[in-house]
Each structure stands twice: as structure tokens, then as C-alpha cells.
Participant: 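Just passing along the structure, written as C-alpha cells.
These numbers come from the heavy atoms of this one structure, side chains and all, not from hydrogens, waters or symmetry mates.
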Amino acid sequence: ALQVFNFVETPSGNYSQVVDNAADAEISGLEVEFVWQVTDSFRLEGSMANLDAELTNYTIDEDNDGVVDIDYSGNRPDNTPEFTSTLIATYSIAMNDGSAIDLRADYRGFDEVWDGNDEDPSRKHDSYSVLGARATWTSADGDLSVALWGRNLTEEEYTINVGPAQPNLNQLNFSYGTPRTVGLLVDYRF
């Protein structure tokens, strides 16, 4: 059995999230990872995953009357992307004074998913990709480093959670991924 989360209506008309067992699911996939040291200074690494997932026997009796009200068989389990990928490039520069500069760029891509096992179009997360970068200077003795970093540099707007409609408002709750964020990190070891 596969444990899944579901929102169910309580006798008072409110909703509650419960853990339920899907009787059967078929899940298979392939993940490929690589690391390639192109030169002494330049490195590429990444991964790509493909996941084939399907609920094969999952029915719900919403009102506990012994009659199946909903059949989710054939749907993808919630938050299960078919494809994900990452690519990271790093380049190191040794300075004449013994210090070093490390440059890094990263890409992360995610395929569409649904919040919930019903594949409700209003609770679908579209596919998205996020770019990040980091430049770090490290002193010759390694005691001091200064890093300038950025995440979601293209300011991709994407959802990470789409809750069920609220009973009295009939409005979905959305949580969005972090917008473009930049920062400076200073690290001193003593």
C-alpha cells in the first residue's frame, strides 16, 4: 500500500487532512547522475530523473456509506513530477596571492505536478525552472571567505502548494516559491 494525503470533509462541514492508504500503485523510474571534471578548474555535474507513477487501485468512500464515491485509479500520486533535472557548473580560479575565487551556476527544472490525487486542474503546479549563481572568494589560509549569491535569478513565479478550496470562501490557498533572492555571506574561522 502507498500512504497518501487526502482532505476529507468532517461532519461539521470543515476539512481535515488525513493519511490514507492507496491499495495499489505502480511506480518505476530512472535517474542518471554525472560528474565531469572538464579541466582542473572547470567541473560540470547534474542529474535527470524520469518517474512513471500511477495509482492502480485507489477508491474512497467519502461519506462512509459503503459505496465508493471517488475512484482515483489511473491518476498520478500527488506531488510526483514525471521529469526533474539539475545542472551545476563550477569554475575555480587560483589567485597569485594564494586566495581563490570559485564561481558556480546552477539550474533546476521540475515537471508539472498536482496537489491532491484527483488531478484537479485548479490544483495543478505548472512546470518551472530556477537559476542560481554564487561567487566565493576564499583567503589563502582558508580562514576568511566572502560569497555573493543569488537564487531564482530569472524571478520565475511558481507554486509549491495549492491547498483545497476553503469551505466557506470557495477560495484556493496558494504558497509560492521564493522570489529572486540575493545575499552576501561572510565566513571567518578562528
Participant: To the nearest 0.5 Å, how far apart are CG in Asp106 and CG in Leu131?
Facilitator: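 Output value for this atom pair is 7.5 Å.
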Participant: Which residues pass the side chain to side chain contact (heavy atoms under 4.5 Å, CB included) test with Ala89, not counting sequence neighbours?
Facilitator: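 Phe42, Leu44.
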Participant: Going by side-chain hydrogen bond (donor to acceptor under 3.5 Å, both in side chains), name the residues that satisfy it together with Thr181, two or more places apart in sequence or in a different chain.
Facilitator: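 Residues passing side-chain hydrogen bond (donor to acceptor under 3.5 Å, both in side chains) with Thr181: none at all.
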Participant: Quick check for you: to the nearest 0.5 Å, what is the distance between Arg134 atom CZ and Ile88 atom CD1?
Facilitator: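 Going from CZ on Arg134 over to CD1 on Ile88, the span is 12.0 Å.
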Participant: Can you name the side chain to side chain contact (heavy atoms under 4.5 Å, CB included) partners of Val35, sequence neighbours left out?
Facilitator: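 Partners of Val35 under the side chain to side chain contact (heavy atoms under 4.5 Å, CB included) test: Arg43, Glu45.
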Participant: I need the minimum non-hydrogen distance between Glu119 and Asn75, along with the two atoms involved.
Facilitator: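 Minimum heavy-atom separation between Glu119 and Asn75: OE2-CA, 3.3 Å.
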Participant: First locate atom OG1 of Thr159, then atom OH of Tyr176, and finally report the distance between them rounded to the nearest 0.5 Å.
Facilitator: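 Between Thr159 OG1 and Tyr176 OH, I get 7.0 Å after rounding to 0.5 Å.
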Participant: Output all residues satisfying side-chain hydrogen bond (donor to acceptor under 3.5 Å, both in side chains) with Asp126, sequence neighbours left out; order by chain, then residue number.
Facilitator: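 Checked Asp126 against side-chain hydrogen bond (donor to acceptor under 3.5 Å, both in side chains); zero matches.
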Participant: Sort and list the pairs that fulfil side chain to side chain donor-acceptor pair (under 3.5 Å) and have at least one residue in residues 25-38, not counting sequence neighbours.
Facilitator: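 Every pair satisfying side chain to side chain donor-acceptor pair (under 3.5 Å) with a residue in residues 25-38: there are none.
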Participant: Minimum heavy-atom separation for Thr80 to Ala53, with atom names?
Facilitator: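 Shortest heavy-atom separation between Thr80 and Ala53 comes out as CG2-CB, 3.8 Å.
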Participant: Go through the structure and list residues passing ring pair (Phe, Tyr, Trp, His ring centres under 6.0 Å) with Tyr91, not counting sequence neighbours.
Facilitator: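 Tyr91: no ring pair (Phe, Tyr, Trp, His ring centres under 6.0 Å) contacts found.
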Participant: Name the orientation class of the two ring planes belonging to Tyr128 and Tyr158 (parallel below 30°, tilted from 30 to 60°, perpendicular beyond 60°).
Facilitator: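 Parallel, since the angle between the ring planes stays under 30°.
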Participant: Enumerate donor-acceptor pairs with a distance under 3.5 Å from any side-chain N or O in residues 182-189 to protein atoms, sequence neighbours excluded.
Facilitator:
none

Participant: Checking Ser139 now: which residues fulfil side-chain hydrogen bond (donor to acceptor under 3.5 Å, both in side chains) with it, not counting sequence neighbours?
Facilitator: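 Checked Ser139 against side-chain hydrogen bond (donor to acceptor under 3.5 Å, both in side chains); matches are Asp141.
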Participant: Please report the interatomic distance OG(Ser47) to CG(Leu87), rounded to the nearest 0.5 Å.
Facilitator: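 One gets 9.0 Å once the value is rounded to the nearest 0.5 Å.
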Participant: Which donor-acceptor pairs under 3.5 Å do side chains of residues 107-114 form with protein atoms, sequence neighbours excluded?
Facilitator:
residue, atom, partner, partner atom, Å
Glu112, OE1, Lys124, NZ, 3.0

Participant: In chain order, what residues pass the side chain to side chain contact (heavy atoms under 4.5 Å, CB included) check against Asp40, with sequence neighbours excluded?
Facilitator: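 Side chain to side chain contact (heavy atoms under 4.5 Å, CB included) check on Asp40 returns nothing, list empty.
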Participant: Side-chain donor-acceptor pairs under 3.5 Å in residues 145-156, sequence neighbours left out?
Facilitator:
residue, atom, partner, partner atom, Å
Asn152, OD1, Glu155, N, 3.4
Asn152, OD1, Glu156, N, 2.8
Asn152, ND2, Glu156, O, 3.0
Asn152, ND2, Thr178, O, 2.9

Participant: Got a second to check how far Asp24's CG is from Thr56's OG1, nearest 0.5 Å?
Facilitator: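 The distance works out to 4.0 Å.
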Participant: Would you give the length of the straight line joining atom CE of Met95 to atom OG1 of Thr138, rounded to the nearest 0.5 angstrom?
Facilitator: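 That separation rounds to 11.5 Å.
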Participant: Are Leu30 and Ile27 connected into the same hydrophobic cluster when the rule is that any two of I, L, V, M, F, W, Y join if their side-chain heavy atoms are below 4.5 Å apart?
Facilitator: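 Different clusters: Ile27 never reaches Leu30 through Ile, Leu, Val, Met, Phe, Trp or Tyr contacts under 4.5 Å.
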Participant: Enumerate the salt bridge (Lys or Arg N to Asp or Glu O under 4.0 Å) contacts for residues 80-103, please, sequence neighbours excluded, ordered by first and then second residue.
Facilitator: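 For residues 80-103, and leaving out neighbouring residues, there are no salt bridge (Lys or Arg N to Asp or Glu O under 4.0 Å) pairs at all.
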Participant: Between Ser175 (side chain) and Ile160 (backbone), is there a donor-acceptor pair under 3.5 Å?
Facilitator: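 Answer holds: no.
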Participant: For a side-chain contact (heavy atoms from CB on, under 4.5 Å) check, start with the C-alpha distance between Leu144 and Trp137, then their side-chain angles and the critical distance, and finish with the verdict.
Facilitator: CA-CA 8 Å; Leu144 176 64; Trp137 172 83; 3.7 Å; yes
